[in-house]
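Chain A is the first sequence line, chain B the second, and so forth, proteins listed ahead of strands; every chain is numbered from 1. In what follows, every heavy atom counts, from backbone to side chain, and hydrogens, waters and symmetry copies are set aside.
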Number of protein chains: 2
Amino acid sequence: MARAATTSDVFNAVAEPRRREILTLLVVGELEVGAIVTALRLDQPSVSKHLRVLRETGLVHMRRNGRHKLYRTNAPALQPVHEWVSTFERYWSNQLSRIKERAEAKMKQSRETGTSEKES
Amino acid sequence: MARAATTSDVFNAVAEPRRREILTLLVVGELEVGAIVTALRLDQPSVSKHLRVLRETGLVHMRRNGRHKLYRTNAPALQPVHEWVSTFERYWSNQLSRIKERAEAKMKQSRETGTSEKES
DNA sequence: AAAATATATTCCTATATCGGCATGTGTCAA
DNA sequence: TTGACACATGCCGATATAGGAATATATTTT
């Protein structure tokens, strides 16, 4: 086997930098393919291919408007990724909150004692 | 070109299901390679290769203990992924709050103008 | 209907896997 | 030093890309 198919796995679909750019672009609002092409300076076939992957993974929605096709990001499809990564959040956010706690404790102490210098 | 190298991009490294399993396993605490092999029922060379990718992307740390090697997940390396995905969070978690906002805006308008019908 | 416009698809090539198998490397024990 | 044990790496084959160029499909306009 080679790598997993991008068309079936959101993680793989999102692994592509250009596709991430497209999603970022289309989350603000609908855009037609041509607009994406000019915005990201990619070849039109390349954009169409990426859009296909994003479509098949449910990461974008499309609606037709005359001979244009309007794409927009379907954010909820990213939830699995978000949930998975969030599992690990506590393993680094605690470091930050620990710093915050120390800082707040220090401020509180300053308020109480009147000191204002940094003591280790 | 083919796909981007898994060894240089965290997104690609994490796109592999087995590697995600390994990260989930190693975030709880250190494990030696053999333990990963038995826990995930993979071949040892396969595990070693995945660990190499995870190592080179900074997703795991390793320390030697005798002839064993102890690996653990380096959660902060996942922050870029988390930050990127979080950008889209408001586009689904706000579906509820958006309804709330609309309702509140409508109420506010009603209070101000006395109207009560929905106008776009 | 024919031309023009907007997208999508196909074909091709180079590359990067992933798994399986064999082998190499490093460390501890006898 | 010679084994034994724990991992890592190399080689192979099959597959899935991503980009570029050319072509096909769909829709509007003339």
Report the C-alpha distance between Leu23(B) and Val60(B) in whole Å, list the side-chain angles of each, state the deciding distance to 0.1 Å, and finish with yes or no for side chain to side chain contact (heavy atoms under 4.5 Å, CB included). CA-CA 8 Å; Leu23(B) 289 175; Val60(B) 297; 3.7 Å; yes
Decide yes or no on side chain to side chain contact (heavy atoms under 4.5 Å, CB included) for His82(A) and Phe88(B), but give the supporting numbers first. CA-CA 9 Å; His82(A) 185 261; Phe88(B) 298 84; over 6 Å; no
Side chain to side chain contact (heavy atoms under 4.5 Å, CB included) between Arg52(A) and Lys49(A): does it pass, once the steps are laid out? CA-CA 5 Å; Arg52(A) 178 177 187 169; Lys49(A) 286 177 202 167; 5.6 Å; no
Side chains of residues 24-39 of chain A: which donor-acceptor partners sit under 3.5 Å, not counting sequence neighbours?
unit_1: Thr24(A); atom_1: OG1; unit_2: Arg20(A); atom_2: O; d: 2.9
unit_1: Glu30(A); atom_1: OE1; unit_2: Arg63(A); atom_2: NE; d: 3.4
unit_1: Glu30(A); atom_1: OE1; unit_2: Arg63(A); atom_2: NH2; d: 3.0
unit_1: Glu30(A); atom_1: OE2; unit_2: Arg63(A); atom_2: NE; d: 2.5
unit_1: Glu32(A); atom_1: OE1; unit_2: His68(A); atom_2: ND1; d: 3.3
unit_1: Glu32(A); atom_1: OE2; unit_2: His68(A); atom_2: ND1; d: 3.3
unit_1: Thr38(A); atom_1: OG1; unit_2: Gly34(A); atom_2: O; d: 3.4
unit_1: Thr38(A); atom_1: OG1; unit_2: Ala35(A); atom_2: O; d: 3.0

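Applying the 4.0 Å criterion to OP1 and OP2 of dA6(D), one finds that Tyr71(B) has every side-chain N and O outside that range. For dT5(C), neither phosphate oxygen OP1 nor OP2 lies less than 4.0 angstrom from any side-chain nitrogen or oxygen of His68(A).
Put simply, CD1 on Ile36(A) is 13 Å from C1' on dA8(C), counting in whole angstrom units. The nearest whole Å value for the distance from the CG atom in Leu51(B) to the P atom in dA8(D) is 6 Å. One interatomic measurement links the two molecules: CZ of Arg63(B) to C1' of dT27(C), which rounds to 16 Å at whole-angstrom precision. Protein atom CZ of Arg20(B) is 15 Å distant from nucleotide atom C1' of dC18(C), rounded to whole Å.
With axes fitted over five pairs at each extremity, the angle between the ends of the helix from dA1(C)-dT30(D) to dA30(C)-dT1(D) is 10° (10° resolution).
Within the 4.5 Å cutoff, the side chain of Leu40(B) has no heavy atoms near those of the Val47(B) side chain.
With a 6.0 Å radius and a threshold of 12 heavy atoms from other residues, nucleotides or ligands, Arg18(A) has its CZ atom at or below the threshold.
Comparing Arg19(A) and Ser48(B) by the nucleotide of DNA chain D whose heavy atom lies nearest to each, the residue mapping closer to the 5' end is Ser48(B).
With Asn74(B) contributing its side chain and His61(B) its backbone, the two residues share no donor-acceptor pair below 3.5 Å. A donor-acceptor pair is defined here as one N or O able to donate and one able to accept, closer than 3.5 Å; such a pair exists between the side chain of Arg64(A) and the backbone of Gly66(A).
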B/S/- contact track for nucleotides 25-30 of chain D, protein heavy atom under 4.0 Å: -SSBS-
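Side chains of Ser48(A) and Gln44(A): a donor-acceptor N/O pair is present below 3.5 angstrom, by distance only.
Non-hydrogen atoms lying under 4.0 Å from DNA chain D are contributed by nothing in residues 25-35 of chain A. Residues from residues 52-60 of chain B with heavy atoms under 4.0 angstrom of DNA chain C: there are none.
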Please enumerate all protein N or O atoms sitting under 3.5 Å from an N or O of nucleotides 20-24 of chain D, with distances to 0.1 Å.
unit_1: dG20(D); atom_1: OP2; unit_2: Asp43(A); atom_2: OD2; d: 2.9
unit_1: dG20(D); atom_1: O6; unit_2: Lys49(A); atom_2: NZ; d: 2.5

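Ring orientation note: the planes of Phe11(B) and Trp84(B) are nearly perpendicular, at an angle over 60° on the 30°/60° scale.
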